[in-house]
**Student:** 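Dropping the structure in here first, questions after.
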Amino acid sequence: MCLSGCDVGTPLGAADVEQPEGWADELAMAEALDLDPDPHVVEIELEARITPLEIVSGKPTPVWTYNGTLPGPLIRAKVGDRIVVRFRNSLPEPTSIHWHGMRLPNDMDGVPGLTQPPIEPGSEFVYDFVARDAGTFWYHPHIHSAAQVGWGLYGALVVEDPADPEVFGDDLVLVLSDMALDEDGQFLPEDTGGEFGDLFGREGNILLVNGKVRPRLKVRQGKQQRWRVINAARARYYTLRLPEHTFVKLGGDNGLAERSVETSRIVLVPGERADLVFTPSDPPGTSRWLQWIPTERGFGSVFNRPRENMLEIVTVDEDPVIPASIPTELREIERIDVADAKALTLDLTIHNETIGEKREVVMGINGIPYWNSKPLEARIGETQVWTIVNDTAFAHPFHLHGYFFQVLDDTRVLEWKDTVDVPAESSLKIAVRFDERPGMWMYHCHILDHADSGMMGHLWVAAEGETHPPHVELIH
Ligand code: C2O
Ligand code: CU
Ligand code: CU
């Protein structure tokens with residue numbers, strides 16, 4: 001019995017308790033082993049190889065992996081660290097690694113034909129660059145990309161800045177993707193769906209979170225988690241919804257946004273990332289599903305398609321805690337001054353061509369597929385505004401290599417981006433400053449079936465005094 005002043009339990013604050021034991025065990029990803037003792041150098045070995053993994057229970061799938069895991073190992077670094085990746089290709093065909101979103105020197109960008117030769121089976125290549133920006137990045141091949149990514153070649157790269165404001169929650173990286181498998185766990189043919197497959201982009205029938213089918217995450221009511229979510233699927237858009245919950249979005253592709261915003265849905269187009277805080281609010285001892293819901297990206301993408309369960313959120317049977325408040329002002333971002341910007345228009349196009357006997361869907365930019373294109377030009381120090389026009393019936397996620405851009409749209413929270421959705425029959429403007437790092441850079445649609453069908457282009461950022469573009473080979 002309690003006679004005086006007994007403490008009936010002031011609920012604990014979120015900072016006072018840990019996540020539930022084994023909270024993210026089912027989502028654990030392999031972490032890259034750092035071979036260099038220097039705290040400012042992250043040196044790792046990566047090998048691309050086919051590894052049988054059980055995706056659908058009991059049936060091994062010959063997954064294309066980095067170091068035998070799906071996704072490939074998670075790489076963590078701090079701003080200013082040097083990252084050295086000793087890469088070996090043990091696949092039956094050429095590959096490369098592109099570091100999606102990283103502002104690195106051109107010869108480290110991993111684009112065969114533009115920045116390096118394809119890495120042939122049995123050969124090696126060393127990627128060596130400095131992580132200069134905080135953010136959630138990822139890596140994947142840049143040749144035969146739709147197939148290689150679809151078969152499992154992708155991994156996460158998280159760069160932290162110790163100077164960023166503290167945002168509550170433990171860090172969990174969620175790599176979203178899908179795979180197209182038959183009942184025996186074998187990959188469906190690469191050309192499934194023929195022309196329509198190219199047009200729509202091939203989505204897998206198995207949804208994966210960190211390489212797992214419908215894994216479980218344990219949470220405690222009120223105890224926040226910070227999620228870094230990456231869409232690594234070759235074509236699928238993700239709209240994420242957790243009934244009865246909202247998320248606080250902190251940023252996306254390239255670190256924190258100017259301010260945080262509360263939202264009930266997170267939309268991620270292929271290649272895009274979101275950085276968010278999730279505050280579990282369900283009572284102890286319950287569970288519910290984080291759902292994939294269809295996103296409007298053109299004819300038939302929403303009509304009659306069911307929602308799908310992706311991740312089970314299990315609220316453990318422990319006392320709730322009081323959530324910490326999340327800061328609104330996160331970062332100062334200077335708006336790119338576009339007063340003297342050079343203006344360009346890029347029209348994303350789809351047409352039919354008869355090649356030999358076959359009618360083929362050819363995608364391109366301004367009507368020209370990648371393999372016939374001439375480079376856009378920019379000079380070091382120049383600012384450009386690109387109007388990206390999409391008159392097609394499909395949405396396209398537009399991605400630029402090597403530089404961050406800002407979307408010129410006052411209704412959006414200001415943030416740095418490298419991938420942005422251009423919905424069907426719409427257009428948007430982006431501003432980009434080519435401040436340094438000359439070379440040949442890519443831009444393309446990140447529905448990789450579209451990219452492989454020609455919806456890609458290249459851009460020559462000329463160094464001071466450079467008058468001729470470097471010789472490149474546009475691989476078809
Ligand atoms: Cu993830 Cu060329 O892109
Ligand atoms: Cu990229
Ligand atoms: Cu596209």
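Each ligand, and each atom within it, is numbered from 1 in the order the structure gives.
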**Student:** Could you tell me if the ring centre of His140 sits under 6.0 Å from that of Trp138?
**Tutor:** yes
**Student:** If you consider just the N/O/S atoms, which atom of His450 is the closest one to the Cu ion (ligand 3)?
**Tutor:**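 Nearest to the Cu ion (ligand 3) within His450's N, O and S set: ND1.
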**Student:** Between the Cu ion (ligand 2) and His98, is there an N, O or S atom separated by less than 2.8 Å?
**Tutor:** yes
**Student:** By atom name, which N, O or S atom belonging to His100 lies closest to atom 1 (Cu) of ligand 1?
**Tutor:**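 The nearest such atom is ND1.
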**Student:** When Asp253 is tested against each of Lys417, Arg228, Arg103 for salt bridge (Lys or Arg N to Asp or Glu O under 4.0 Å), which residue passes?
**Tutor:**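 Filter result, single survivor: Lys417.
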**Student:** Under 6.0 Å between the ring centres of Tyr139 and Phe137?
**Tutor:** no
**Student:** Are Trp386 and Tyr443 an aromatic pair by the rule of ring centers under 6.0 Å?
**Tutor:**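 Yes, close enough.
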**Student:** Suppose we only count N/O/S atoms under 2.8 Å; would His446 qualify as near the Cu ion (ligand 3)?
**Tutor:** no
**Student:** Just how far is it from atom CZ of Arg297 to atom OH of Tyr237, taken to the nearest 0.5 Å?
**Tutor:**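 Reported to 0.5 Å precision, the distance equals 6.5 Å.
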**Student:** Is the distance from atom 1 (Cu) of ligand 1 to some N, O or S atom of His140 under 2.8 Å?
**Tutor:** yes
**Student:** Counting backbone and side-chain atoms alike, does His98 have an N/O/S atom under 2.8 Å from atom 1 (Cu) of ligand 1?
**Tutor:** no
**Student:** Taking the N/O/S atoms of His396 one by one, which is nearest to the Cu ion (ligand 3)?
**Tutor:**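 Nearest N/O/S atom of His396: ND1.
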**Student:** Among His396, His399, His444, find the one that has a ring-ring contact (aromatic ring centres under 6.0 Å, His included) with His450.
**Tutor:** His396
**Student:** Is any N, O or S atom of His399 under 2.8 Å away from the Cu ion (ligand 2)?
**Tutor:**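 Short answer: yes, at least one N, O or S atom is under the cut-off.
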